[in-house]
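Report on the structure given below.
Order of the sequence lines fixes the chain letters, A, B, ..., with proteins taken first and strands second; residue numbering starts at 1 for each chain. Values reported hereafter were calculated over all heavy atoms of this structure, with side chains retained and with hydrogens, waters and symmetry mates removed.
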Number of protein chains: 2
Amino acid sequence: MENKEISQAVIGRLPRYFRFLGELKDEGVERISSQELSDIMNVTASQIRQDFNNFGGFGQQGYGYNVEYLYEEIGRILGLDKTHNLIIIGAGNLGQALANYTNFERRGFLFKGIFDCDPTLYGKKIRSMEVKPMEEMEDFVRANEIDMAVLTIPKTGAVEVAGRLARTGIRGIWNFAHVDLNVPERIQVENVHLSDSLMKLAYNINRFENMDLSGFERGSYV
Amino acid sequence: MENKEISQAVIGRLPRYFRFLGELKDEGVERISSQELSDIMNVTASQIRQDFNNFGGFGQQGYGYNVEYLYEEIGRILGLDKTHNLIIIGAGNLGQALANYTNFERRGFLFKGIFDCDPTLYGKKIRSMEVKPMEEMEDFVRANEIDMAVLTIPKTGAVEVAGRLARTGIRGIWNFAHVDLNVPERIQVENVHLSDSLMKLAYNINRFENMDLSGFERGSYV
DNA sequence: AAGGGAATGTCAATGAATTGACATTATTTT
DNA sequence: AAAATAATGTCAATTCATTGACATTCCCTT
């Protein structure tokens, strides 16, 4: 077995490769070279080859990469050949939005339950689920082989809920709460801090404004 | 003026500093050393000092950093001292969820309009806004000094809309559509690719499963 | 007022990630 | 079947990011 640790920088690029390869596949493209992919994706061909080689060679010298094979392999690396059972904690706007987003299911991410602590929401139907009270969370996780929990609750409750989840044997938390979770290292946490992302955008807008714009005609947009 | 380019690695950490400093400020903490902050945030003290020094010294030798001053300065660097006017394109679940999320306004991000191409949504009230038809987008942007657009539409329409936005003089796009936008470089794009994030989580869960777990008791939680 | 202590700012060293170069190997053409 | 072509896999070089070390500076106590 491959035992060298793959850097998160590489992992972070795999979904994008996966997306482009999926599109190429749908267009009926059978083979592609790292150079062609480089042109389409705006990354260096060298990086593409280096990335793929972390997992062993997927291509053939003189030929390139078989699109479908490469697509399948990357999907497998990402764990998309398995299905994952998810619950959503927090049936607010964001929780409901994610619950209604059907594309996740196509990749094997199945929403099995949604929980909230607001009694007025109990029983509310969201797609095929009904909002359940938080107290039932632990039993539900154990009874339904839940892999991952999506945390879409305010940060005030997030740390406590993460602790409760940790004791159920869950394996991953997709955290939308604006707080750092501290869980045992067997539990993977993927943070989506939307306001951080928005602040980065604000910075970059201001940075561009303050740049030396000689050569640009400021304020003139076609 | 400082003209050296700051790396995106540093910028990406600023919102987290900002969050922790805000919390310390709310707790009434007046001063903090890089070492104390290091302990709280789980990053090295050296990195903290290096990061802050990209923007000139915020601290005082022998004393540390003044929490409130540092908080304000980082906010200023991120452009949070200015207000930003936003529109949301796509009044689906996610667009509505973001529109209803009040915390952005506290940081100066003001939602001014929300647009959709679905006529059945026209006029629907979301907070203080009514959903408007897409045709009115360009005029609205120009008339209301809109800085940023939030793209929460399916990827099929996103590229075209981004092109239209580019011709209005908008300065940033917060892109939730699962596609790469190609806009002039004066327009900053911040991508939030949720499915990419979820795939990364799936990878890390599987990676942990396949790791050599000698020393761990697999399957035993609590 | 002076000296000790504390913590920054900064330089150097290390480590990680990206890019460039090319030998090798497979395919395709003649 | 052999030569030419194409493109990978991989090694080396470079660039970028992080960490470590310490001289300098400022605060605080005596």
With a cut-off of less than 4.0 Å, is there a side-chain N or O of [X] near OP1 or OP2 of [N]?
| X | N | answer |
| --- | --- | --- |
| A:Gln47 | C:dA17 | no |
| B:Thr44 | D:dT19 | yes |
| B:Gln50 | C:dG9 | no |
| B:Ser7 | D:dC16 | no |
| B:Tyr65 | C:dG9 | yes |
| A:Arg31 | C:dT28 | yes |
| A:Ser46 | C:dG20 | no |
| B:Arg49 | C:dC11 | no |

Query - More than 12 heavy atoms of other groups within 6.0 Å of A:Glu23 CD - result: yes
Requested in this report: Please check if atom CG in A:Asn182 has more than 12 non-hydrogen atoms from other residues, nucleotides or ligands closer than 6.0 Å.
Outcome: no
Report summary line: Regarding the side chain of B:Ser33, the nearest nucleotide among C:dT8, D:dT18, C:dT18 is C:dT8
Report task. Tell me whether the centres of the aromatic rings in A:Trp174 and A:Phe109 are closer together than 6.0 Å. Result -> no
**Report entry** Difference in axis direction between the ends of the helix from C:dA1-D:dT30 to C:dT30-D:dA1, five pairs, 10°
**Finding:** 10°
Output the rounded distance in Å from [atom1] ([X]) to [atom2] ([N]).
| X | N | atom1 | atom2 | value |
| --- | --- | --- | --- | --- |
| A:Phe58 | C:dA26 | CZ | C1' | 19 Å |
| A:Asp51 | C:dT18 | CG | C1' | 10 Å |
| A:Gln61 | C:dT28 | CD | P | 14 Å |
| B:Tyr63 | D:dT29 | OH | C1' | 17 Å |
| B:Asn53 | D:dT25 | CG | P | 14 Å |

Query raised in the report: Taking B:Asp147 for the side chain and B:Asn85 for the main chain, is one N or O donor matched with an acceptor at less than 3.5 Å?
Result: yes
Using residues 90-99 of chain A as the side-chain source, report each donor-acceptor pair under 3.5 Å to any protein atom, sequence neighbours left out, with the distance given to one decimal.
from	atom 1	to	atom 2	distance (Å)
A:Gln96	OE1	A:Lys124	NZ	3.4
A:Gln96	NE2	A:Ala91	O	3.0

Query raised in the report: What residues, two or more places apart in sequence or in another chain, satisfy side-chain hydrogen bond (donor to acceptor under 3.5 Å, both in side chains) together with A:Glu72?
Result: none
